[in-house]
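First comes the structure, then the notes that go with it.
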Protein chains: 2
Amino acid sequence: MKRRNTQAQAAVLQVLKSSDRALSHEQLQAELGTKVDRATIYRVLNRFCEDGLVHKAMDDDGKQYFAYCAGCDKPNNKHSHNHFHFKCRQCGKVECLQHKMHIPLPAGYVVTDFNGMISGYCNRCAPGEA
Amino acid sequence: MKRRNTQAQAAVLQVLKSSDRALSHEQLQAELGTKVDRATIYRVLNRFCEDGLVHKAMDDDGKQYFAYCAGCDKPNNKHSHNHFHFKCRQCGKVECLQHKMHIPLPAGYVVTDFNGMISGYCNRCAPGEA
DNA sequence: TTTATTATTGCGACTTAATCGCAATAATAA
DNA sequence: TTATTATTGCGATTAAGTCGCAATAATAAA
Ligand SMILES: [Mn+2]
Ligand SMILES: [Mn+2]
Ligand SMILES: [Zn+2]
Ligand SMILES: [Zn+2]
């Protein structure tokens, strides 16, 4: 299956690239308007994930967020998403955290994917920040 | 709202306590049979989570798994779930990993929840383990 | 013990997020 | 140009979890 350069993909990628945070399908749809179909957005995002162009993060509620791969680790030239994401319970922002993780696994275990999400309040929304 | 001791809760808790892994709603229902209703299981689990008796972990597919709180951290006597979970793509097992995490956050950020899930292959299922 | 209070349950309907089938469209190759 | 097929649009469908509400049962009060 060779990939083609399409309008829909370009549009989705452009939105992701110019965002400083991870976006939900909902948010992407809002940006794209009627230009791209709902199901298409999902399919495009999944393809981007397969290709390692974008990564996905699940929140506590089982909703997925997508971010363009910018600061991702590449140990021996293999793309890896070993960083956490932070979701603010107040403003809803989801952002990639810088810190790279390494989790010690039991012997014989093999990692294929990593999903880390921390929920809480960002600096703007933190309570007691009168 | 004061809690009551009910059949349903006792049954669910017993299954969770006697399991060495985190269980999905589906798996719990299978264990419990017709003894406890579907919606009740969900409600019981949510109550257990609120009470800090049990913790929840999301997998890549947005499906939740529940584990009885055994080896959880308690910094200054406050329950905290700062450990990862491992889900085997082959056998489906979800287990709590021992290692406790501490993620450095930007200044002013406040954590309320933590969800970490690693996917891959367990020692039994790892490919190339002929 | 009996009665009252209300947390909890069972059941079906509902919501939300995401996927799927399939015919139509449009990138790319021939 | 024409052919090939990856991709799209659209509606239907799935899957996981929640909700409303009347019935039930755990606890407290009498
Ligand atoms: Mn990445
Ligand atoms: Mn715990
Ligand atoms: Zn915020
Ligand atoms: Zn396994």
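Letters A, B, ... mirror the listed sequences (proteins, then strands); counts begin at 1.
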More than 12 heavy atoms of other residues, nucleotides or ligands under 6.0 Å from CD of A:Q27: is that the case?
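More than 12 heavy atoms, drawn from other residues, nucleotides or ligands, come within 6.0 Å of this atom.
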Partner lookup for [N], please. Criteria are Watson-Crick or G-U wobble with both distances under 3.5 angstrom; report none if nothing qualifies.
{"N": "D:dA6", "result": "C:dT25"}
{"N": "C:dT15", "result": "D:dA16"}
{"N": "C:dC20", "result": "D:dG11"}

Among [options], the one nearest [X] by side-chain distance:
{"X": "B:R4", "options": "D:dG9, C:dT8, C:dA26", "result": "C:dT8"}
{"X": "A:T40", "options": "D:dT7, D:dG9, C:dC11", "result": "D:dG9"}
{"X": "B:Q64", "options": "D:dT8, C:dT8, D:dG17", "result": "D:dG17"}
{"X": "A:N46", "options": "D:dA6, D:dG20, C:dT19", "result": "C:dT19"}
{"X": "B:Q9", "options": "C:dG10, C:dT8, C:dA17", "result": "C:dT8"}

B:R3 near the nucleic acid: base, sugar-phosphate alone, or nothing, with a heavy-atom cut-off under 4.0 Å?
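Touches sugar-phosphate only.
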Categorize A:A39 for me: base, sugar-phosphate, or nothing, with a 4.0 angstrom heavy-atom threshold over every strand shown.
base
Between [atom2] on [N] and [atom1] on [X], what's the gap in Å once rounded to a whole number?
{"X": "B:E26", "N": "D:dT14", "atom1": "CD", "atom2": "C1'", "value": "13 Å"}
{"X": "A:R47", "N": "D:dT7", "atom1": "CZ", "atom2": "P", "value": "5 Å"}
{"X": "B:K56", "N": "D:dT18", "atom1": "NZ", "atom2": "C1'", "value": "12 Å"}
{"X": "A:L45", "N": "C:dA18", "atom1": "CG", "atom2": "P", "value": "10 Å"}
{"X": "B:Q7", "N": "D:dT27", "atom1": "CD", "atom2": "C1'", "value": "15 Å"}
{"X": "B:Q29", "N": "D:dA15", "atom1": "CD", "atom2": "P", "value": "16 Å"}
{"X": "A:K63", "N": "C:dA18", "atom1": "NZ", "atom2": "P", "value": "7 Å"}
{"X": "A:D61", "N": "C:dT15", "atom1": "CG", "atom2": "C1'", "value": "13 Å"}

Can you see if the side chain of [X] gets near the phosphate of [N] - specifically, an N or O under 4.0 Å from OP1 or OP2?
{"X": "B:Y42", "N": "D:dT18", "answer": "no"}
{"X": "B:T6", "N": "D:dA25", "answer": "no"}
{"X": "A:K2", "N": "C:dA27", "answer": "no"}

[X] with [Y]: basic N within carboxylate O range, under 4.0 Å:
{"X": "B:R3", "Y": "B:E50", "answer": "yes"}
{"X": "A:R89", "Y": "A:D59", "answer": "no"}
{"X": "B:K87", "Y": "B:E95", "answer": "no"}

Could you see if B:V36 belongs to whatever hydrophobic cluster contains B:F48? Use Ile, Leu, Val, Met, Phe, Trp, Tyr and a side-chain cutoff under 4.5 Å.
yes
With nearest nucleotide decided by heavy atoms, which residue, B:N5 or B:Y65, maps closer to the 5′ end of DNA chain D?
B:Y65
With a 3.5 Å cut-off and heavy atoms only, can you find an N or O donor on one side and an acceptor on the other between the side chain of A:R43 and the base of D:dG9?
yes
Between the base of D:dG9 and the side chain of A:R38, is there a donor and acceptor pair under 3.5 angstrom?
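Answer is no: no donor-acceptor pair is held.
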B:H81 side chain to B:H83 side chain, donor-acceptor N/O pair below 3.5 angstrom
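There is no such pair between these side chains.
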